[in-house]
Amino acid sequence: MINRFALCGTMIHAPVCGEVEVLKEALVLVDDDGVISEVISPESNRYAAAKSKLVEDGRLLQLSEGQYLMPGLIDLHVHAPQWPQAGNALNVPLYEWLQAYTFPLEAKYADLAFAEKSYTSLVDTLVANGTTTTMYFATVHLESTKLLADICLAKGQRALVGKVAMDNPDECPEYYRDASVQQGLDDTRTLIDYIRQLPRNENKRVLPVVTPRFIPSCTDEMLSGLAQLAEEYDCHVQTHCSESDWEHDYVINRHGKRDTQSLNHFKLLTDKTVLAHSCFITDEDMRTIKQQESGIAHCPISNAYFANGVFPARQALDLELNVGLGTDVAGGTTPSLLENCGAAITASRYLEGGVDTEISAAERGKPQARIDFKEAFWMATTGGGKALNLNIGLLKAGYAFDAIVIDTHIENTNLAVWADLDDVEDVLQKIIYNAGRQNIRKVWVQGDLIGGADH
Ligand code: GUN
Ligand code: FE
């Protein structure tokens with residue numbers, strides 16, 4: 001095995017949900033394909049020889065005091081075209097927000113020059129925030145969705161990209177929908193073929209995704225046709241699931257069942273499916289999702305604006321569901337997945353404590369609903385990788401070297417680390433709450449250095 005390079009330093013990752021594994025002065029060896037070939041701890045009797053050989057060959061990157069190697073962040077849910085409205089247009093409920101702001105903005109991506117400018121800015125921003133993998137909804141347009149895939153590949157970000165399917169004339173405006181079921185299916189097929197055959201995409205860094213926007217925007221024929229395509233191509237699937245009162249009730253009225261059961265009926269729940277939000281899922285829904293080995297994108301910031309409730313993260317994690325995090329740009333306000341880690345913790349505390357002080361303390365909240373920074377970190381890394389069914393999110397042999405270096409010792413940072421007070425877990429907790437893009441010095445995908453403040 002040829003090792004391309006190796007790193008030596010303090011690494012932090014989360015193989016087990018709720019726990020953090022720290023290895024100080026670990027050697028992480030990366031092979032020619034950008035895959036971690038071995039992690040050698042200082043206790044190993046091979047450590048000294050391996051390290052001096054790497055130094056001799058000039059292939060060792062030594063991290064300094066205050067720097068930490070972590071898996072790259074995995075954002076399971078981003079609406080790429082909504083980037084121009086991030087942090088804006090948050091004053092109305094989901095249905096109105098789609099019709100008044102979001103569909104008009106997404107319709108602009110018929111214009112390839114506009115799409116190029118917006119998508120380039122977004123991918124650069126996500127990478128700078130340490131996001132090594134993003135699962136993207138694009139728009140209904142085939143050509144600008146191809147362009148998003150091109151941009152991710154050119155910049156080196158791992159990406160899963162879907163052309164949005166939305167053909168239901170009752171829910172989608174005439175100016176912004178698939179012209180017909182057949183057109184939506186044909187364009188989806190063309191996109192899958194296009195991404196799979198992209199030059200320089202031999203190692204599948206960019207993957208296609210079958211993307212029914214959500215049940216309200218699709219006819220039953222579209223849902224069935226998309227499920228067939230996903231099966232034919234063994235392709236990822238993404239959609240929204242039981243997000244808000246309005247959306248959840250709409251599906252019950254139309255199909256007589258909740259989103260999860262309906263999506264399962266249409267064969268859209270697979271081990272490569274990611275369900276965004278899922279705030280209103282029941283115990284039965286959780287069991288169905290587990291049985292189908294599907295993933296969930298928990299989007300805590302977006303949920304505060306559009307979901308009318310808090311996703312029961314603790315319950316889902318206790319059932320060992322594959323839960324990761326999503327920024328949901330631009331239902332979510334920020335491109336930072338670390339901020340969403342913090343928000344996931346905060347939301348769980350509101351769920352546990354309750355929010356209305358006019359209700360007695362005993363009645364106000366939902367007992368044992370909290371998660372902490374360890375679970376949030378697991379979701380942002382390991383859980384995201386599991387939801388996508390890809391070998392990413394851990395610093396472990398056989399996993400892609402998708403990683404970031406966080407530097408806590410820089411000037412002009414909100415991070416206040418005290419070497420004589422904080423152990424590495426304390427530092428991780430502080431990173432989650434207070435690290436910004438200036439602390440993210442290096443970003444690698446599949447062993448390629450693609451970004452970070454040092455880049
Ligand atoms: N449901 C259908 N489309 C969307 C969208 O763009 N954002 C969110 N948050 N929910 C949706
Ligand atoms: Fe969304």
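One-based numbering, in listed order, for ligands and for the atoms of each.
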Show the numbers, then the answer: is there a ring pair (Phe, Tyr, Trp, His ring centres under 6.0 Å) between Phe266 and His255? CA-CA 11 Å; Phe266 283 100; His255 286 154; 5.5 Å; yes

Working note: Asp178 + Lys163, criterion side-chain contact (heavy atoms from CB on, under 4.5 Å); need CA distance, chi angles, decisive distance, verdict. CA-CA 11 Å; Asp178 287 304; Lys163 181 215 102 72; 2.7 Å; yes

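Checked against side-chain contact (heavy atoms from CB on, under 4.5 Å), Gln197 has the following partners two or more places apart in sequence or in another chain: Asp193.
Residue contacts with ligand 1 for Glu247 are absent, since no atom lies close enough (heavy atoms, distance under 4.0 Å). With a 4.0 Å cut-off on non-hydrogen atoms, Tyr101 does not touch ligand 1 at all.
For ligand 1 and Leu94, the ligand atoms under 4.0 Å from any heavy atom of the residue are 8 (C), 10 (N), 11 (C).
Counting protein heavy atoms only, atom 3 (N) of ligand 1 is closest to Arg213 NE, 2.8 Å.
The only member of Gln82, Gln85, His79 that meets side chain to side chain donor-acceptor pair (under 3.5 Å) when paired with Thr102 is Gln85.
Between Arg258 and Glu284 there is a salt bridge, since at least one side-chain N of the basic residue sits less than 4.0 Å from a carboxylate O of the acidic one. Looking at Arg205 and Asp448, a side-chain N of the basic residue comes within less than 4.0 Å of a carboxylate O on the acidic one, giving a salt bridge. A salt bridge between Arg213 and Glu106 is present, with a side-chain N of the basic residue lying under 4.0 Å from a carboxylate O of the acidic one.
Nearest residue to atom 7 (N) of ligand 1 from Phe306, Tyr305, Trp97 is Trp97 (criterion: closest heavy atom). Compare His79, Met166, Gln82, Glu243 by their heavy atoms: the one nearest to atom 9 (N) of ligand 1 is in Glu243.
Counting only protein N, O or S atoms closer than 2.8 Å to the Fe ion (ligand 2) gives 4.
Here's the thing with Thr102: none of its N/O atoms is less than 3.5 angstrom from an N/O atom of ligand 1. Considering both main-chain and side-chain atoms, Asp328 comes within under 3.5 Å of ligand 1 through a nitrogen or oxygen pair.
Counting heavy atoms from C-beta on, the side chains of Arg364 and Ile359 come closer than 4.5 Å. Looking only at side-chain heavy atoms (C-beta outward), Pro212 and Met222 stay at 4.5 Å or farther from each other.
For Thr381 against Ile74, the heavy-atom pair with the smallest separation is O-CD1, 3.2 Å.
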